[in-house]
Protein chains: 2
Amino acid sequence: MITHRPTSLADQIFERLENDILSGVYPRGSILTEMALCASLGVSRTPVREALKRLAQEHIVEEGGKGMLVLSITAGDAEIIYEMRERLEGMAAAATAGHATEEEIASLRELVDLQDFYAKRGDSEKVKSLDSEFHKNIYRLAGSAVYYDTLMPLHTKIQKFRKATVESTGKAEQSASEHRAVLDAIASRDEAAAEKAMTAHIASARSRLLDYLRQQEDTENGND
Amino acid sequence: MITHRPTSLADQIFERLENDILSGVYPRGSILTEMALCASLGVSRTPVREALKRLAQEHIVEEGGKGMLVLSITAGDAEIIYEMRERLEGMAAAATAGHATEEEIASLRELVDLQDFYAKRGDSEKVKSLDSEFHKNIYRLAGSAVYYDTLMPLHTKIQKFRKATVESTGKAEQSASEHRAVLDAIASRDEAAAEKAMTAHIASARSRLLDYLRQQEDTENGND
DNA sequence: TCCGGTATTATTGTATACAACAATACCGGA
DNA sequence: TCCGGTATTGTTGTATACAATAATACCGGA
């Protein structure tokens with residue numbers, strides 16, 4: 001309908017569906033059919049179809065006989081992802097320490113400063129988003145698209161669980177200070193220190209997640 | 001035209017293009033336009049378009065103003081990928097040791113036996129393909145789709161370089177015997193040993209790759 | 001009532017039509 | 001000759017049409 005747009009309908013729909021699925025709007029087990037989405041989004045099948053295919057490729061949905069079956073991830077998957085990140089992100093941080101320009105490091109510092117600011121304010125939405133940006137930038141600055149392509153899907157998929165790692169002001173401040181340690185190592189071009197600091201940060205986030213999951217287990221962990 | 005098919009045209013085209021790009025048929029920097037591919041493949045734009053979008057998502061191509069720009073990967077990317085695999089595949093092998101059924105382990109053994117057989121024969125095409133299958137099965141049997149989703153793209157992207165790791169009979173036999181070490185650890189349900197054996201195997205493959213790249217450097221490494 | 005077969009419907013895969021944008025080529029004027 | 005503007009062409013994004021399959025619902029017979 002609307003014609004020339006900066007970003008395509010397919011992209012918008014992909015992002016929206018990805019976000020809705022990973023944040024729990026469409027719970028695991030839901031069925032998404034092209035036509036139903038067309039109707040609710042007011043577009044033709046073509047962009048919806050493209051978005052669904054891309055979601056399927058990332059195993060966020062899979063074709064389930066009738067429509068597309070929403071997969072999302074389990075707590076067990078989240079634990080695996082944290083372990084993978086623990087093994088990989090240090091590598092990315094080290095590469096970033098080796099590759100990033102001073103301007104890029106300055107922009108990382110900006111992110112950390114802001115995150116710290118909002119952490120002290122208790123604005124966990126902002127903190128989560130800035131936390132996300134920080135990691136995303138590390139992937140980008142590491143000097144090869146391989147880092148981004150590998151780590152970004154992992155990061156995206158645990159969105160639903162990430163709030164657990166910054167849910168209280170204390171955790172948010174801790175996360176921010178860990179980020180600062182990584183940043184400082186990068187800024188001083190110390191690859192080994194950057195790797196170590198990042199690995200420690202992920203390990204820390206992972207243990208915050210495990211605490212959260214243990215809590216959830218007690219109360220029942222069903223729908224949110 | 002032809003109507004009911006087990007696998008869709010889009011899937012076939014995706015696989016074909018992926019394979020052609022990663023094995024060097026379309027060299028880095030080529031431009032693929034939808035229409036040109038339609039003409040050469042004899043299908044409409046829809047499946048071609050879907051295949052290209054999926055390739056773009058995996059950063060095998062990217063939109064480059066006019067058509068899709070073929071990216072492929074550099075030797076530097078390959079080195080990064082081997083380091084990532086070194087950090088991750090041990091984890092997958094350990095998980096497989098914990099999850100795989102006896103039947104699944106038997107099918108792994110079959111693959112290793114065959115690989116050994118063809119290695120001794122010097123059939124490096126077969127060896128490469130069986131080597132690939134072995135790793136792919138580890139990803140699948142590790143118990144979470146996260147392993148497959150993360151490792152398979154890495155494995156796929158280095159296709160062009162993998163021949164370097166099994167190019168001679170000696171290397172092929174070495175690779176097969178390393179696989180057997182991994183398999184034995186898995187079969188005896190020893191997760192730590194499986195991780196160690198797999199990590200050693202990737203490290204070994206990586207050094208075989210580095211040797212190859214160093215050779216290439218001497219002769220000129222441009223087009224193949 | 002229950003079972004089997006047929007008809008209808010829902011859904012997807014593919015092809016094509018159309019609109020908009022971008023680049024380029026061509027033409028006229030200075 | 002060179003520059004600017006317009007027209008044309010090539011390319012993509014989106015919508016729709018059509019074909020084929022699979023599932024389901026319905027109906028008749030035992």
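Computed over heavy atoms, backbone and side chain alike; hydrogens, waters and symmetry mates excluded. What you are looking at is a predicted structure, and each value in this text was computed from that prediction instead of being measured. Residue numbering restarts at 1 for every chain, and letters A, B, ... go by the order of the sequence lines.
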Starting from [atom2] on [N], measure out to [atom1] on [X] and report it in whole angstrom.
| X | N | atom1 | atom2 | value |
| --- | --- | --- | --- | --- |
| Glu63(A) | dA22(D) | CD | P | 13 Å |
| Leu41(A) | dG13(D) | CG | C1' | 16 Å |
| Met68(A) | dA10(C) | CE | C1' | 16 Å |
| Arg54(B) | dG13(C) | CZ | P | 11 Å |
| Leu32(A) | dA10(C) | CG | C1' | 16 Å |
| Phe14(A) | dG13(D) | CZ | P | 15 Å |
| Leu69(B) | dT11(D) | CG | C1' | 16 Å |
| Glu50(A) | dG13(C) | CD | P | 14 Å |

Across all strands shown, which nucleotide pairs with [N] by Watson-Crick or G-U wobble geometry, both distances under 3.5 Å?
| N | result |
| --- | --- |
| dA19(C) | dT12(D) |
| dA30(C) | dT1(D) |
| dT8(C) | dA23(D) |

Practice task
Apply side chain to side chain donor-acceptor pair (under 3.5 Å) to the pair Arg140(B) and Asn137(B), showing each step before the final yes or no.
Solution key: CA-CA 5 Å; Arg140(B) 235 180 5 92; Asn137(B) 272 277; 2.4 Å; yes
Minimum-distance nucleotide to [X] side chain [options: [options]]:
| X | options | answer |
| --- | --- | --- |
| Met35(A) | dT11(D), dA15(D), dT11(C) | dT11(C) |
| Lys66(B) | dA23(C), dT12(C), dT14(C) | dA23(C) |
| Thr46(A) | dT11(C), dC18(C), dT16(D) | dT16(D) |

Examine [N]: is either OP1 or OP2 under 4.0 Å from a nitrogen or oxygen in the side chain of [X]? Give yes or no.
| X | N | result |
| --- | --- | --- |
| Arg49(B) | dG13(D) | yes |
| Lys53(B) | dT12(D) | no |
| Ser44(A) | dA15(D) | yes |

Practice task
Tell me what Glu34(B) touches on the nucleic acid: a base, only sugar-phosphate, or nothing, going by heavy atoms under 4.0 Å.
Solution key: sugar-phosphate
Problem - Pair Glu58(B) + Arg54(B): basic N to acidic O under 4.0 Å - result: no
Practice task
Check the side chains of Glu18(B) and Gln159(B) for a donor-acceptor pair under 3.5 angstrom, ignoring hydrogens and angles.
Solution key: no
Exercise for the section: Nearest-nucleotide wise, let me know which of Arg45(A) and Asp11(A) is further upstream toward the 5' end of DNA chain D. Expected result: Asp11(A)
Practice task
Might you point out which heavy atoms bring Val43(B) and Leu9(B) nearest each other, and give the distance in Å?
Solution key: CG1-CD1, 3.9 Å
Completion exercise
Heavy-atom closest pair (Met68(A) atom, Glu63(A) atom, distance to 0.1 Å) is SD-CA, 3.5 Å
